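First up is the structure itself, then whatever we jot down about it.
Excluded from the calculations below are hydrogen atoms, water molecules and symmetry mates; all remaining heavy atoms, backbone and side chain alike, are included. This structure is a prediction, so every number in the text was calculated from the model and none was measured. Chain A is the first sequence line, chain B the second, and so forth, proteins listed ahead of strands; every chain is numbered from 1.
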2 protein chains.
Amino acid sequence: MTGLSGQTPASYKPVGLSRIQEKNRSLILEAALGEFSKKGFSGATVERIAADAGMSKSNLLYYFSSKEAIYNATLAHILEIWLTPLKTLNPLGDPADELAAYIRQKIELSAKFPEASRLFANEVMQGAPQILPVLETDLKRLVEEKCQVIEDWIDTGRMRPVDPVHLIFTIWATTQHYADFSVQIKALTGKDLSDPDFQRSTETAVTSLILNGAGLKWPRESDPGA
Amino acid sequence: MTGLSGQTPASYKPVGLSRIQEKNRSLILEAALGEFSKKGFSGATVERIAADAGMSKSNLLYYFSSKEAIYNATLAHILEIWLTPLKTLNPLGDPADELAAYIRQKIELSAKFPEASRLFANEVMQGAPQILPVLETDLKRLVEEKCQVIEDWIDTGRMRPVDPVHLIFTIWATTQHYADFSVQIKALTGKDLSDPDFQRSTETAVTSLILNGAGLKWPRESDPGA
DNA sequence: TTGCATCTTGACCATTTGGTCAAATCACAC
DNA sequence: GTGTGATTTGACCAAATGGTCAAGATGCAA
């Protein structure tokens, strides 16, 4: 397993994908996300993914040249959406607002796409065989940039001195935990993020813990107007 | 895959295990932990585990009747050590000290047994096929008990009102994150918990964030003596 | 040393599974 | 309608893998 790139049938005429290709690739990726997140790379079978996608194994292999190719395409497909929230952390905004918004977005993603979270976790836990290069370049750059933002907030006295990288790891850990360990959470509380009330209470608790932990007032004092 | 129990060769005379059995079972469990945590249940192979343990596949299957039996034994083997720290949370102690000690112990475990953490995470992420019953009974009881402890601390005004279950989840999430995602952490920071300095900074950052988040003074004001 | 139970292994088997291929079917431009 | 390329599939293959078994090696008590 090496590399991480898209995949197209060997021969093609139009610049883009045909209507059928578009639909089938999408069906496959959706089915693959389900299988890979549920069973891991080794545990998932091409046949099962094909069945979930409503086609024969042979046909699936017409669209993706190998199991590894499906896996990589699935990873690439979720990676962007997964890392987007951090990019929106705005240096010019209020630290409390910005961090609260980031936490909220991450919990939102965990609630909406728990399978994506588990797939990502699985990949990293196995040593990130496919996405290590991305982590070491793109993600590293992004994290360094945002650490600098937090550092500036600290230096201007807008929040308590906290190691920015640990703050980011803590936010990742807590928010993703609710998706990755949802089975355990359901076993212990009877609920998980699919319950809107539980999502709300999670958001409240996590945001409150982390923001207060970072020396920020939360919840913000009620808005100015009387 | 069902049940979760020990395993012994079909026939045996002495009450305990023979010296050879003791040694080989131990070698197998150690090798199994390495393989299962690295590749997951499906990705690990009996042959590879046997090789790591320095014996033939046939011999391994003399000690454990099936791959699933090895897996269950490995899980059972790590489960107790993994859940022990929470049990030590003392209702009579000082909240800040108790929580700080708990966090320290959890980080210690993540540093010492990252493979155990990843195996546990893997199991839960796949839906906890083997240990769900344990989570729903033993762990649930334990968590309820400790939530009550925290509740009492809150009711007696010794800490800010925080949903106890979310507090526990946050501690689990953060501390285990450093073991489960160590590859990512290493990619981003160049270090992981195997570095004593990094372990120290992690402990400081996480403890400070969570305790202050819970409205506890941390670090404690320097001890009484001049 | 001897006898027996424990321990160890190589040969073997059945199943699963990723992947190939040639043939059949379909979509659609002309 | 017809022809051509895109799409789809069943038959098939080779490798990997969990597990069985009978035979041999080893440890040990008498």
Distances for protein N or O near nucleotides 16-20 of chain C N or O, under 3.5 Å:
from    : atom 1 : to     : atom 2 : distance (Å)
dG18(C) : OP1    : A44(A) : O      : 3.3
dG18(C) : OP1    : K67(A) : NZ     : 3.1
dG18(C) : OP2    : V46(A) : N      : 3.0
dG18(C) : N7     : K57(A) : NZ     : 3.0
dG19(C) : OP2    : K67(A) : N      : 2.6
dG19(C) : N7     : K57(A) : NZ     : 3.2
dG19(C) : O6     : K57(A) : NZ     : 2.8

Check whether any side-chain N or O of [X] sits under 4.0 Å from OP1 or OP2 of [N], and answer yes or no.
X	N	result
N59(A)	dT9(D)	yes
Q21(A)	dT7(D)	yes
Y62(A)	dT7(D)	yes

Report all side-chain donor-acceptor pairs from residues 28-45 of chain B shorter than 3.5 Å, counting only partners two or more places apart or in another chain.
from   : atom 1 : to     : atom 2 : distance (Å)
S37(B) : OG     : L33(B) : O      : 2.9
S37(B) : OG     : G34(B) : O      : 3.1
T45(B) : OG1    : R48(B) : N      : 3.0

Dump every N/O contact between nucleotides 25-29 of chain D and the protein below 3.5 Å, one line per pair.
from    : atom 1 : to     : atom 2 : distance (Å)
dC28(D) : OP1    : R19(B) : NH2    : 3.1

Legend entry - Which residues share a side chain to side chain donor-acceptor pair (under 3.5 Å) with N59(B), sequence neighbours left out: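 In terms of side chain to side chain donor-acceptor pair (under 3.5 Å), with neighbours along the sequence ignored, N59(B) is linked to no residue.
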Legend entry - Those residues that, when tested against N24(A), pass side chain to side chain donor-acceptor pair (under 3.5 Å) (two or more places apart):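 In terms of side chain to side chain donor-acceptor pair (under 3.5 Å), with neighbours along the sequence ignored, N24(A) is linked to Y63(A).
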Inset, instruction - Would you please classify the geometry between the F169(B) ring and the H166(B) ring as parallel, tilted or perpendicular, with 30° and 60° separating the classes? - result: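 Plane angle over 60°, so perpendicular.
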Inset, instruction - Go through the side-chain N and O atoms of E123(A) and Y71(A) and say whether any donor and acceptor fall under 3.5 Å apart. - result: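 Yes, Y71(A) and E123(A) have a side-chain donor paired with an acceptor closer than 3.5 Å.
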More than 12 non-hydrogen atoms from neighbouring residues, nucleotides or ligands closer than 6.0 Å to [atom1] on [X], yes or no?
X	atom1	value
K23(A)	NZ	no
E47(B)	CD	no
Q148(B)	CD	yes

Which whole-number value in Å describes the distance from [X] [atom1] to [N] [atom2]?
X	N	atom1	atom2	value
I70(B)	dG19(D)	CD1	P	8 Å
N24(A)	dT9(D)	CG	C1'	13 Å
I49(B)	dT17(D)	CD1	C1'	12 Å
L27(A)	dT8(D)	CG	P	10 Å
E35(B)	dT17(D)	CD	P	11 Å
M55(A)	dG10(D)	CE	C1'	16 Å

Legend entry - Non-neighbouring partners of P85(B) that pass side chain to side chain contact (heavy atoms under 4.5 Å, CB included), sequence neighbours left out: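 With sequence neighbours excluded, P85(B) shows a side chain to side chain contact (heavy atoms under 4.5 Å, CB included) to Y102(B), Q105(B), K106(B), L109(B), given in chain and number order.
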